[in-house]
Amino acid sequence: MSEHEQKAYTTFEAAKICHVTHHSIKNWIKQGLIKASRTPGGHYRILEDDLDSFREKYDMFPRNKADSKKHIMIVDDDPDALAMMENILTCEGFELIKVSNATEVGLRAAQLSPDLIVLDFLMPEINGFDVCKALRNNELTKGIPIMAVTCLTKEEDIERIFECGADEYLPKPFKVDNFLEKIRDLIGRGRIIG
């Protein structure tokens with residue numbers, strides 16, 4: 001198909017296809033991740049092939065056709081906690097993305113756009129507060145719900161957890177039913193971005 005016959009998307013149309021905001025699309029264009037041209041009026045247009053190759057590279061093909069499973073990213077350095085959460089969540093039919101490295105969290109969350117991030121706030125090399133703030137300050141990840149699952153139980157720690165952007169809090173050790181109830185609630189409602 002020649003460029004003339006190919007569909008060209010606006011940033012709004014591309015955003016709908018990628019399930020992100022049009023600001024995210026504009027940011028990706030500015031970062032050189034998506035190839036786009038400009039109209040005489042200064043608006044971006046993205047050719048279908050260019051959008052498809054971007055979506056393929058970052059695994060953004062709609063999951064709802066072949067795979068309606070919800071994706072949950074678990075950030076925890078404790079292998080036992082990871083194994084337990086993996087067991088619970090895969091039995092419930094969720095797809096998991098496991099991360100134990102702080103620098104990976106933001107990058108993988110931006111690339112894979114999970115439906116929920118379960119974040120331990122108390123890890124040797126990862127400050128959960130900083131990770132949570134960074135996710136909230138990134139255009140690509142600020143809409144992903146975050147649930148803190150942590151040993152921190154002091155009132156001031158819990159306040160700080162919510163202040164840095166967590167949507168839900170669950171102290172460790174937790175009851176499976178309680179964990180699943182909070183997971184379902186967060187995944188069901190998503191996050192409203194102001």
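- In this structure, W28 and F54 have tilted ring planes: the angle between them lies in the 30° to 60° band.
- Considering only heavy atoms from C-beta on, R38 stays 4.5 Å or farther from H43 through its side chain.
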Side chain to side chain contact (heavy atoms under 4.5 Å, CB included) assessment of N27 paired with Q31:
CA-CA 6 Å; N27 284 342; Q31 291 165 18; 4.1 Å; yes
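- Residues T10 and R45 meet the side-chain proximity criterion, which asks for heavy atoms closer than 4.5 Å.
- In this structure, CG on L122 lies 5.0 Å from OG1 on T150, to the nearest 0.5 angstrom.
- M147 pairs in a side chain to side chain contact (heavy atoms under 4.5 Å, CB included) with only one of the listed residues (I187, I183, I72, I74), which is I183.
- By the 4.5 Å heavy-atom criterion applied to side chains, L170 and N178 are counted as neighbours.
- Scanning both residues, C18 and L51, for their nearest heavy atoms gives SG-CD1, 4.1 Å.
- Distance check, rounded to the nearest 0.5 Å: CE of M73 to CG of L116 gives 10.5 Å.
- Using a 4.5 Å heavy-atom threshold, the side chains of E13 and K7 count as touching.
- Interatomic distance, CD of E163 versus CD of E156, reported as 11.0 Å (0.5 Å rounding).
- Annotation for K133 and C164: closest pair CG-CB, 3.6 Å, computed over non-hydrogen atoms.
- A donor-acceptor pair is defined here as one N or O able to donate and one able to accept, closer than 3.5 Å; such a pair exists between the side chain of Q6 and the backbone of D49.
- Taking the side chain as every heavy atom from C-beta outward, F179 and R184 never approach each other to under 4.5 Å.
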What do the steps show when you test V118 against V75 for side chain to side chain contact (heavy atoms under 4.5 Å, CB included), and what is the final call?
CA-CA 6 Å; V118 175; V75 185; over 6 Å; no
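- With respect to the salt-bridge test (charged N to carboxylate O, under 4.0 angstrom), the residues K182 and D185 do not qualify.
- For the pair P114 and I144, the tightest heavy-atom approach, listed with the atom from each and the gap, is O-CG2, 3.5 Å.
- Shortest non-hydrogen contact noted between L135 and G106 is CD2-CA, 4.1 Å.
- Atoms CD1 and CG, from I161 and L119 in turn, are 9.0 Å apart once rounded to the nearest 0.5 Å.
- Looking at heavy atoms from C-beta onward, Y9 lies out of side-chain contact with I34 at the 4.5 angstrom threshold.
- Ion pairing between K172 and D120 holds under the 4.0 Å rule for side-chain N and carboxylate O.
- Closest non-hydrogen pair, K35 versus I46, comes out as O-CG2, 3.7 Å.
- Using a 4.5 Å heavy-atom threshold, the side chains of L89 and E95 count as separate.
- One distance of note links SG of C151 with CZ of F121; it measures 13.0 Å at 0.5 Å rounding.
- Atom CZ of F12 is surrounded by 12 or fewer heavy atoms from other residues, nucleotides or ligands within 6.0 Å.
- We find the NZ-OG1 distance between K142 and T21 to be 7.0 Å, quoted to the nearest 0.5 Å.
- Judged by distance alone, with hydrogens and angles left aside, the side-chain atoms of R136 form a donor-acceptor pair with the main-chain N or O of G165 at under 3.5 Å.
- Here the side chains of Y169 and T153 are in contact, with some heavy-atom distance below 4.5 Å.
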For F129 and L152, run side chain to side chain contact (heavy atoms under 4.5 Å, CB included): C-alpha distance rounded to whole Å, both residues' side-chain angles, the deciding distance at 0.1 Å, then the answer.
CA-CA 12 Å; F129 296 98; L152 295 170; 3.9 Å; yes
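- Look at D115 and K69 and you find no salt bridge, because none of the NZ, NE, NH1 or NH2 atoms lies under 4.0 Å from a carboxylate O.
- Hydrophobic clustering (side-chain heavy atoms under 4.5 Å, transitive across Ile, Leu, Val, Met, Phe, Trp, Tyr) keeps V105 apart from L107.
- K98 and R108 get closest at one heavy-atom pair: O-NH1, 3.5 Å.
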